[in-house]
Amino acid sequence: MTTLKQAAESYETPQTKNIVDLDAVPLELDFKEETKINSSGEEYIIKYIGLNGEKYRVPNSVLEGMKTILDLKPECKVVKVTKKGDGLNTRYTVTPIE
């Protein structure tokens, strides 16, 4: 039996990871949207893929990059997403793998 203290000490806040955390992203994964509420009480939508029980956020600019790749190479099945910068200065690059 676990005590409340033990549960509190081992508690980790659930976090949505980012698609850049993946080494490879199969384009056939299910894409989902979820409405959340920020600290000001305003709703916002998070776009993500699920893999191995984890949620990985997919920024709109990544979707745009994937669309560009698929326009040029419709048979593409796997991509890699990288990023540079932080916060509002973050820039994502999508590279086809397969």
Side-chain angles (χ1 to χ4, degrees):
M1 186 152 129
T2 303
T3 66
L4 182 56
K5 179 181 178 182
Q6 291 168 324
E9 289 172 342
S10 64
Y11 178 76
E12 291 184 24
T13 304
Q15 292 184 338
T16 302
K17 297 179 179 186
N18 193 298
I19 196 167
V20 299
D21 296 329
L22 297 170
D23 291 330
V25 181
L27 297 180
E28 294 299 321
L29 290 173
D30 288 337
F31 178 76
K32 301 175 183 177
E33 293 184 0
E34 183 178 319
T35 302
K36 295 194 170 207
I37 298 175
N38 67 16
S39 59
S40 302
E42 299 168 342
E43 288 186 354
Y44 66 98
I45 296 174
I46 179 174
K47 298 173 183 179
Y48 68 94
I49 55 172
L51 187 63
N52 299 325
E54 299 283 345
K55 292 180 181 178
Y56 294 88
R57 187 175 73 83
V58 181
N60 288 332
S61 60
V62 170
L63 292 174
E64 184 178 347
M66 288 178 179
K67 180 176 176 30
T68 300
I69 288 170
L70 290 170
D71 286 346
L72 298 171
K73 190 177 176 185
E75 69 280 1
C76 181
K77 295 181 178 166
V78 181
V79 297
K80 170 69 179 158
V81 181
T82 56
K83 78 172 191 169
K84 289 184 181 178
D86 291 311
L88 295 176
N89 293 322
T90 302
R91 298 291 174 252
Y92 295 93
T93 303
V94 181
T95 307
I97 295 177
E98 289 181 31

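Predicted model only: the values in this text are computed from it and were never measured.
Using a 4.5 Å heavy-atom cutoff, the side chains of I49 and L22 are in contact. Between I97 and V79 the shortest side-chain heavy-atom distance does not fall below 4.5 Å.
Heavy atoms only, all atoms of each residue included: K80 and D23 are closest at CD-O, 3.0 Å. Shortest non-hydrogen contact noted between Y44 and I37 is CE2-C, 3.8 Å. Of all the heavy atoms in A7 and T2, the pair that sits closest is N-CG2, 3.8 Å. Scanning both residues, L29 and G50, for their nearest heavy atoms gives CD2-O, 4.3 Å. The shortest non-hydrogen separation linking G87 to T90 is O-OG1, 2.9 Å.
For the side-chain contact (heavy atoms from CB on, under 4.5 Å) test, residues two or more places apart in sequence or in another chain that qualify with K32 are D30, Y48.
Rounding to the nearest 0.5 Å gives a distance of 13.0 Å between CD1 of I19 and NZ of K83. For the atom pair T16 OG1 and K47 NZ, the distance stands at 15.0 Å (nearest 0.5 Å). Rounded to the nearest 0.5 angstrom, T68 OG1 and L63 CG are separated by 11.0 Å.
Residue V81 is tested with N18, T93, V62 for a side-chain contact (heavy atoms from CB on, under 4.5 Å); the sole match is V62.
Formation of a donor-acceptor pair under 3.5 Å by the N52 side chain with backbone atoms of E54 is not found in this model.
Summarising the local packing, CD of E64 is surrounded by 12 or fewer heavy atoms from other residues, nucleotides or ligands at distances under 6.0 Å. Within 6.0 Å of atom CG in L4, 12 or fewer heavy atoms from other residues, nucleotides or ligands are found, so the atom counts as exposed in its surroundings. Taking a 6.0 Å sphere around CD of Q6, one finds it holds more than 12 heavy atoms contributed by other residues, nucleotides or ligands. Within a 6.0 Å radius of CD in E28, other residues, nucleotides and ligands contribute 12 heavy atoms or fewer. Remark: D71 CG is packed, more than 12 non-hydrogen atoms of other residues, nucleotides or ligands lying under 6.0 Å away. Heavy-atom contacts from other residues, nucleotides or ligands closer than 6.0 Å to NZ of K73 number more than 12.
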Candidate pair L70 and L27, rule side-chain contact (heavy atoms from CB on, under 4.5 Å), full reasoning
CA-CA 10 Å; L70 290 170; L27 297 180; 3.9 Å; yes
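One hydrophobic cluster holds both V94 and F31 under the rule that ILVMFWY side chains link at heavy-atom gaps under 4.5 Å.
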